[in-house]
Structure formats: C-alpha cells, structure tokens
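Worksheet: the structure to be examined is printed underneath.
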2 protein chains.
Amino acid sequence: MRILLVEDEPELASALKTALRRYDMVVDHAASLLEAGDFAASENYDAILLDRQLPDGDGLTLVPKIRARGNATPVLVLTARSDTSDKVDGLDMGADDYLAKPFAFEELLARLRALLRRPANVQTQVIRAGDLAFDLGHREVLVRGEPLTLPRRELLVLEALLRRTGRMVQRSSLMEAVFGLDDEIQSNALDTHVSRLRRKLAEADAKVEINGVRGVGYLLREIS
Amino acid sequence: MRILLVEDEPELASALKTALRRYDMVVDHAASLLEAGDFAASENYDAILLDRQLPDGDGLTLVPKIRARGNATPVLVLTARSDTSDKVDGLDMGADDYLAKPFAFEELLARLRALLRRPANVQTQVIRAGDLAFDLGHREVLVRGEPLTLPRRELLVLEALLRRTGRMVQRSSLMEAVFGLDDEIQSNALDTHVSRLRRKLAEADAKVEINGVRGVGYLLREIS
DNA sequence: TATCGCGCAATGCTTCTGCAATGTTGGGGG
DNA sequence: CCCCCAACATTGCAGAAGCATTGCGCGATA
C-alpha cells in the first residue's frame, strides 16, 4: 500500500510517516501543494492524506485538479477547521473523508482502512500460493498455519509478487511497490531483499519459489 | 473503464448497468456462461463482475477458463451464498474479491475501485496467436496460461512478429525492432535469435510457427 | 545500548548474445 | 535436369552483462 502524505508541518509529517510505516505502508511525503501535485501525477497511490493549510494555498484545491486528470484515488482531508460547512466543501470538491485536527492516530488509521476497504473486523482477503497464506488485512504470512515473520521490505516484495502469482512482475513495478520516492536507492537493494526472502521461503518450505527473469523482473511460482 | 457484467437476472443486471454507467464505465452484459466466455475472449476488460448462479452453470467455472487463456482481468464474484468455504473456493479459483448478495451498491463500487486501483491489475494490451498470449505491458508470454520466459532479444523478435501475425515482416524492420538503431550488428544474430525462439515455441507446443521467406523476411503463422 | 533492518558494495556465478563455422535449402542458370 | 551459389538454419563458444549472495556498518527501534 502506497500513501501520499501532504503536510507542511515537519513534526506531524514525520510522526505520521513513522506511524504509517508501522502498518507496512510506503509513504511519500509532500510539504507543499506544488510538490503534492507532481507526486500525485507521477505515481499511483492507494490513498492521499491531505492537509488543508499549506504554504502555497488550500490543500483542497488539489482534489479537483487530480480528479480532472481522471485520478480516483481516495482522499482523506486533515484540517484544523472543523465546522460543518468546511466538511461539506471538502466532500463537494471530491474528497472522500474528512478528519479534524487534533485527531487520534487510531481514528486516522480506521478511516484510512475504511477508504481502502480493508476493515479489520470484516473477513480480510487472503492470497494463497503453495503452502503460503498472506493475510492482507492483518499483514501476516502463514506457512501451513505457522506464522512466518518477515521484515517490512521483504513483506512488500512478497505481497507484490503474490498479487501476481505465476506471472511476471516487472522490476520497475516491484521497485514502486517496495520503495518510496525519497528512499533514494542506488544499489541492488531490491535484489538483496529478493535473495533474503528466497532463503526464508526455502527454509520455511513454503512450496513457492521466486524466479528472476533477466532484463524483465521476477515471478513467484508454486512448486510441488 | 470497461466492465463485463455477467448476471442472468434481467432486473438486477439492468440496474447495475445503469448505475455503473453513471461512473463512466462502459458495461457489456452477458446473461449466460457461454456468452460471458465469448465476451471475455474477444475483448479486453478492466474488470469482470460475475454472478455464480447462471442458467448454464456455476459462474465460478469461468474464472479458471479465462485464466488459462492468459487473461488476468480482476474478477469480482457476486453470490447469494456467503459462507466462508464458498469465499475460499472463489478466491482459490482465481477470483479477486467476493461480495454476498444482497449488497449495497456503494460497497460494490468501492470494491470495484479497489480492484481497479491495484497497480498489478492495470489492464495491458495482450496479443494472442495459437496458444500464445503476449502481455505487452508486463513483457510476459503465456502458453495456455503457463508462463514462458524468454530472453530480451527473443522477446523482441516475438513481439514484432506477433504484431503482424500471419503477415510478412521485412528483415530490415525486424532488425530495427530487435536491435534498435544504436546496436551495430554485423552478423547473423537475428537468424540466431529466430532459431532459438523457434525451438522454444516448438518445445512449449505454442501452436505457432515462424516461416522464413528468402530475400524478404519472416512471418509467424498459427498452426492447428 | 543491544538488536534488527536495510542499503551498499565486492564477489562469484548464470545466462544471454554476438559471432563464426558448418549444415541445409531452394532457385536460377548452364 | 542438375549443379552451384546465395540465403537461411543451427550450434558451440567466449566475452559481457545482469543477477545472486554475503558480510559489513550505519541508523533506526525498543
């Protein structure tokens, strides 16, 4: 899951980023309207967290702009103002939800999950392959019922591959799933994670294997 | 956005169609399993809404069928039955999400959006010939649903030929497609790649064959 | 502060790929 | 009608490019 966080206050931004990371989200941070527009145009996000008060204008104006580009990414607006008229404004302009500051992080997360349609209490989606079961909602990997704990980046790699079990995942697409924009990667970090993941899958005897395809990417397949 | 709606109950079908149109989706409607199979084979859809109870059988059986043809279109299953075992069945057969009737239209739409938002499920162009399916976007070749991994140059040869299945491709045009303008090739490298590709296509029994035409170039034909 | 995750870089290895040598085919001229 | 040459087919090989693996150190986390 990839989130665009638009928030100019550095302290809050950094706190949110850290908190969201803990839920295995890849977070890109934009501190201004301008930056946010660029980010939203160039990447695919699963949701946008949007502050209204930004140095270069009202965050809300971003919404019709990206909607006009045919982008339906759910937007959750954060704001200090909380009267009803503000809320109506926000929703009218195409935002999907509205949260007044100050807020409890729990509530933010709950609303975010609702936007992403991953309510924790409802039956969550599980992807299976080989003896693996990846519970997308609980961010948990089971091998024949036994939990397999994986570090964040490896989990993201596995998720991206599992979503296309048996089929190619381009290298670029994997990079997008695993790294945010400000993770400046200039090495074979992805290969590293794949390698470590491979070892763990083999050790757990998960009955899946990750094949690399030179010049294209990776694919995960079930083995008997 | 192009949706295939598979639903035999006329009233519900028509209501859904109208509702989805309102969200700028192009909806094709199939009322039977047979019809659905034809539609899915001949068009590229961004998602399929699939009812299970159809006059000529269980809608779910459609899923493995289209997957076997190398079609990865996300499928959202609609059903009256809603016990957990049914859901697991559905997801195991390759469906992407599951929604029990009766449902709120809002929820259907949200789940549909969620499916379409997954970057992995962005519909890319697929060229078919014989038992081959070349997914241009993912740079992947499937033979009857099984991935066939090919090195870059052979992939380029195949792509160029597939784009003109059954018609001549001039040698010079192939050269350009495979080596680009920068590579200075001064050998029979192209012939080499064609040869290696031929062997792999034969081994995979892809039901296509590459014919050379002296002095002109190559063409790819389907064989029975 | 001890642990763990993570990016990085060095190393070794696999696979690709251009090339050339050799085999095969086909068509036009003698 | 047959031969010969040119064009294509196939295969082994070696250089190169890309990938896999591993140890290391820094920095984040608890």
Side-chain angles (χ1 to χ4, degrees), chain A residues 14-27 29 139 141 148-159 161 168-172 174-175 177-203 209-220, chain B residues 139 141 147-158 160-161 168-203 209-220:
Chain A
S14 138
L16 280 176
K17 195 168 173 177
T18 310
L20 290 171
R21 273 186 47 155
R22 200 157 298 152
Y23 290 86
D24 297 319
M25 294 172 178
V26 177
V27 182
H29 173 220
R139 313 301 304 164
V141 179
L148 172 66
T149 65
L150 293 174
R152 170 187 138 76
R153 297 249 120 123
E154 289 169 41
L155 207 68
L156 290 168
V157 170
L158 182 59
E159 179 181 355
L161 291 175
M168 275 304 308
V169 180
Q170 290 206 29
R171 198 183 181 77
S172 61
L174 258 184
M175 293 286 291
V178 176
F179 302 108
L181 283 176
D182 40 349
D183 301 319
E184 280 184 28
I185 301 302
Q186 40 188 340
S187 76
N188 59 351
L190 179 60
D191 308 51
T192 309
H193 292 302
V194 170
S195 172
R196 293 199 260 249
L197 181 55
R198 271 193 184 121
R199 168 196 294 251
K200 285 171 194 166
L201 292 177
E203 273 173 3
E209 111 188 335
I210 299 175
N211 299 127
V213 179
R214 293 173 81 90
V216 189
Y218 293 89
L219 72 81
L220 180 146
Chain B
R139 311 300 307 162
V141 180
L148 173 66
T149 66
L150 294 175
R152 204 173 95 262
R153 295 258 125 117
E154 289 169 40
L155 212 64
L156 289 168
V157 171
L158 182 59
L161 292 175
M168 275 304 308
V169 180
Q170 296 220 13
R171 195 183 182 79
S172 62
S173 156
L174 255 185
M175 292 288 291
E176 194 174 314
V178 176
F179 300 109
L181 301 168
D182 31 43
D183 277 304
E184 282 186 26
I185 301 300
Q186 39 186 339
S187 77
N188 60 349
L190 178 60
D191 307 54
T192 308
H193 292 303
V194 170
S195 170
R196 293 198 262 246
L197 181 55
R198 272 192 183 121
R199 168 196 295 249
K200 284 172 192 165
L201 291 178
E203 273 173 3
E209 138 185 311
I210 299 176
N211 300 127
V213 178
R214 290 173 80 86
V216 190
Y218 293 90
L219 74 79
L220 181 146

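A note on names: the letters A, B, ... follow the listed sequences, proteins ahead of strands, and every chain is numbered from 1. Both backbone and side-chain heavy atoms feed into the values below; hydrogens, waters and symmetry mates do not.
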Check your understanding: Does the base of D:dT21 carry an N or O that pairs as donor and acceptor with the side chain of A:Asn188 under 3.5 Å?
Key -> yes

**Study point:** Donor-acceptor pair present, B:Arg196 side chain and D:dT10 base, under 3.5 Å
**Key:** no

Practice item. Can you tell me the distance, in whole Å, between the CD atom of B:Glu209 and the P atom of D:dC8? Key: 17 Å

Point to revise | Separation of D:dT10 P from B:Leu201 CG (nearest whole Å) | key: 12 Å

Point to revise | Any B:Leu161 side-chain heavy atom under 4.5 Å of B:Leu174 side chain | key: yes

Review point. Does some side-chain heavy atom of B:Arg139 sit less than 4.5 Å from a side-chain heavy atom of B:Leu156?
Key: yes

Point to revise | Worked verdict on B:Arg171 versus B:Asp191 for salt bridge (Lys or Arg N to Asp or Glu O under 4.0 Å) | key: CA-CA 10 Å; B:Arg171 195 183 182 79; B:Asp191 307 54; 2.5 Å; yes

Is the distance from OP1 or OP2 of [N] to the nearest side-chain N or O of [X] less than 4.0 Å?
{"X": "B:Arg199", "N": "D:dT11", "answer": "yes"}
{"X": "A:Arg152", "N": "C:dG5", "answer": "no"}
{"X": "B:Arg171", "N": "D:dA7", "answer": "no"}
{"X": "B:Tyr218", "N": "D:dA7", "answer": "no"}
{"X": "A:His193", "N": "C:dG5", "answer": "no"}
{"X": "A:Ser195", "N": "D:dA20", "answer": "no"}

Revision key, fill the gap. Of A:Asn211 and B:Arg214, the one whose closest nucleotide on DNA chain D sits nearer the 5' end is B:Arg214

Exercise for review: Inspect the surroundings of CD in B:Glu209 and state if more than 12 heavy atoms from other residues, nucleotides or ligands are less than 6.0 Å away.
Suggested key: yes

